[in-house]
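A short worksheet on the structure shown next.
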Amino acid sequence: MMSISEQCDAVSRQLVNARLSAQPLPDFPVQLPETLEQAYGIQMASIGRWPDEVAGWKVAKLSEADQARLKAERLVGPAFKTSVHTIELGKSRVMPVYAGGFAAVEAEIILELGTAVSPSENQYSDEELIDIVAGVYCGAEIASSPMAVVNERGPTSIVSDFGNNAGVIVGPEITDWTNKVPGFVTATVTVDDVVAGSTPVDAIVGSPLQALRFLIQISGRRGIALPAGTLVSTGAITGVHDVQLSSTARVDFGPLGWFEVTFEPRTPLHHS
């Protein structure tokens, strides 16, 4: 019988191979992790296998039921360097997603760290977190997985599979961000000319800063350093909006600007 670590390694191999080969997975391989600790073990093994370096992290808030069950407020997953892109106002970007799997777009606030954060058990105040942040941007997370059921299987499935992340788009900068009040702008996501979600954006020192605090805490426990320049995608504002390969999504932050995303099938990566 395989040990927990051997099981995690076996699951990691299957998840990574599915992404590298861009082949759909009908369901979570082997046994779904029972704990977030096991899921993060799979994630760490997969980061070590992936032929790219981590450029940032996505943070997502769990449902109240999952928070109570798993004793965690949020989850995190890596965003890799070649999947992070900047975009100008009014422009369009093509992003690869997994054909036959899961694909969605989410409007998010993106934070950029100006100083490195070493792994520690320090409890950061809002003022200390504000000092760490070099820039704040309107943006989007592209969520995609070879598993169409990745979200249905719950947080341990999502964490295991790179947080269901397939890319981060960094759009217009938000200046004077420490003084923004809740609802300072409304984010609207339109998919194929239909409004998929529209929600006032929280103050940056509210939920987005809380997402950064959570990332720093969990990274400290995992022994992960956050270098200067790390990007943090802080959570879906208007929801998780499914897209097809033919879809055009517009992410609109009102007077701050908008951009569009279209989608193409992810092609296999050749890993030497």
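The analysis underlying the following values was restricted to heavy atoms, covering all of them including side chains, and did not include hydrogens, waters or symmetry mates. This is a predicted model, so every value here is computed, not measured.
Donor-acceptor pairing under 3.5 Å is lacking for the side chains of Arg266 and Ser144.
For the pair Asp192 and Thr248, the minimum side-chain heavy-atom distance is below 4.5 Å. Residues Leu20 and Pro51 are in side-chain contact: their nearest non-hydrogen atoms beyond the backbone lie under 4.5 Å apart. Counting heavy atoms from C-beta on, the side chains of Ser92 and Phe259 never come closer than 4.5 Å. Using a 4.5 Å cut-off on side-chain heavy atoms (C-beta onward), Pro208 and Asp202 make contact. In this structure the side chain of Val117 never reaches within 4.5 angstrom of the side chain of Ser219, judged on heavy atoms. With contacts defined as side-chain heavy-atom distances shorter than 4.5 Å, the pair Ile174/Phe253 does not qualify.
Leu62 and Ala72 get closest at one heavy-atom pair: CD1-O, 3.4 Å. Annotation for Phe214 and Arg74: closest pair CZ-O, 2.9 Å, computed over non-hydrogen atoms. Listed here is the closest heavy atom pair of Ala203 and Val181: CB-C, 3.9 Å. Closest approach of Ile87 to Glu260, counting heavy atoms only: CD1-O, 3.8 Å. Across every non-hydrogen atom of Val150 and Ser157, the tightest pair is O-OG, 2.9 Å. Closest approach of Val195 to Ser198, counting heavy atoms only: CG1-CB, 4.4 Å.
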Worked check of side-chain contact (heavy atoms from CB on, under 4.5 Å) between Ile142 and Val243
CA-CA 10 Å; Ile142 307 305; Val243 295; over 6 Å; no

Check the pair Ile204, Leu111 against side-chain contact (heavy atoms from CB on, under 4.5 Å), reporting the backbone distance first and the verdict last.
CA-CA 9 Å; Ile204 310 299; Leu111 308 181; 4.1 Å; yes

Asp66/Lys61 under salt bridge (charged side-chain N to carboxylate O under 4.0 Å, His left out): CA gap, chis, key distance, verdict:
CA-CA 10 Å; Asp66 283 331; Lys61 198 162 190 177; over 6 Å; no

How far apart are the C-alpha atoms of Leu129 and Ile216, what are their side-chain angles, what is the distance that settles it, and do they pass the side-chain contact (heavy atoms from CB on, under 4.5 Å) test?
CA-CA 10 Å; Leu129 291 175; Ile216 289 174; 3.6 Å; yes

Candidate pair Lys180 and Val185, rule side-chain contact (heavy atoms from CB on, under 4.5 Å), full reasoning
CA-CA 9 Å; Lys180 302 300 186 194; Val185 71; over 6 Å; no

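No donor-acceptor distance shorter than 3.5 angstrom exists from the side chain of Gln7 to the backbone of Val30, with no hydrogens or angles considered. Between the side chain of Glu112 and the backbone N or O of Ala134, no donor-acceptor pair lies under 3.5 Å. Using modelled atom types, no side-chain atom of Asp161 and backbone atom of Met147 make a donor-acceptor pair closer than 3.5 Å. Counting only distance, with no hydrogens or angles, the side chain of Asn165 and the backbone of Gly77 share no donor-acceptor pair below 3.5 Å. Side-chain atoms of Ser247 come within 3.5 Å of backbone atoms of Gln244 as a donor-acceptor pair (strictly under, hydrogens ignored). Checked by atom type and distance alone, the side chain of Ser160 pairs as donor or acceptor with a backbone atom of Thr156 at under 3.5 Å. A donor-acceptor contact shorter than 3.5 Å links the side chain of Lys58 to the backbone of Gly163.
Interatomic distance, Ser246 OG to Glu264 CD, rounded to the nearest 0.5 Å: 13.5 Å. Note: Met95 CE to Ser83 OG = 6.0 Å, rounded to the nearest 0.5 Å. Note that the CZ atom of Arg13 and the SG atom of Cys8 stand 13.0 Å from one another [nearest 0.5 Å]. Distance check: Leu36 CG to Arg69 CZ gives 8.0 Å after rounding to the nearest 0.5 Å. Once rounded to the nearest 0.5 Å, the distance linking OG1 of Thr178 with CD1 of Ile130 reads 6.0 Å. We find the CG-OG1 distance between Asp131 and Thr115 to be 8.0 Å, quoted to the nearest 0.5 Å.
Pairs engaging residues 221-237 under the salt bridge (charged side-chain N to carboxylate O under 4.0 Å, His left out) rule: none recorded [sequence neighbours left out]. Screening residues 139-190 for ring pair (Phe, Tyr, Trp, His ring centres under 6.0 Å), with sequence neighbours left out, gives Trp50-Phe162, Phe80-Phe162. Sequence neighbours left out, not one pair with a member in residues 98-143 passes ring pair (Phe, Tyr, Trp, His ring centres under 6.0 Å).
With sequence neighbours excluded, the residues that form a side chain to side chain contact (heavy atoms under 4.5 Å, CB included) with Ser125 are Glu127, Glu128. Partners of Asp126 by salt bridge (charged side-chain N to carboxylate O under 4.0 Å, His left out), not counting sequence neighbours, listed by chain and number: Arg213.
Connection of Leu32 to Tyr40 is established within a shared hydrophobic cluster, with ILVMFWY side chains joined at heavy-atom distances below 4.5 Å, either directly or through further cluster members. In this structure, Val59 is not a member of the same hydrophobic cluster as Val168, with clusters built from ILVMFWY side-chain heavy atoms closer than 4.5 Å. Following chains of ILVMFWY side-chain contacts shorter than 4.5 Å, one can reach Leu269 starting from Phe263, so the two form part of one hydrophobic cluster. Both Ile169 and Val240 are members of a single hydrophobic cluster when ILVMFWY side chains are connected at heavy-atom separations under 4.5 Å. Grouping the Ile, Leu, Val, Met, Phe, Trp and Tyr side chains by contacts below 4.5 angstrom, directly or via other members, places Ile218 with Ile158.
Around CD of Gln14, the count of heavy atoms belonging to other residues, nucleotides or ligands within 6.0 Å exceeds 12. More than 12 non-hydrogen atoms from other residues, nucleotides or ligands lie less than 6.0 angstrom from CD of Gln67. Crowding of Asp193 atom CG: a count of heavy atoms from other residues, nucleotides or ligands under 6.0 Å not exceeding 12.
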Exercise answer: donor-acceptor pairs, residues 225-239 side-chain atoms, under 3.5 Å, sequence neighbours excluded:
from, atom 1, to, atom 2, distance (Å)
Thr230, OG1, Pro227, O, 2.6
Ser233, OG, Glu108, OE1, 2.7
Thr234, OG1, Ile109, O, 2.7
Thr238, OG1, His241, NE2, 2.7

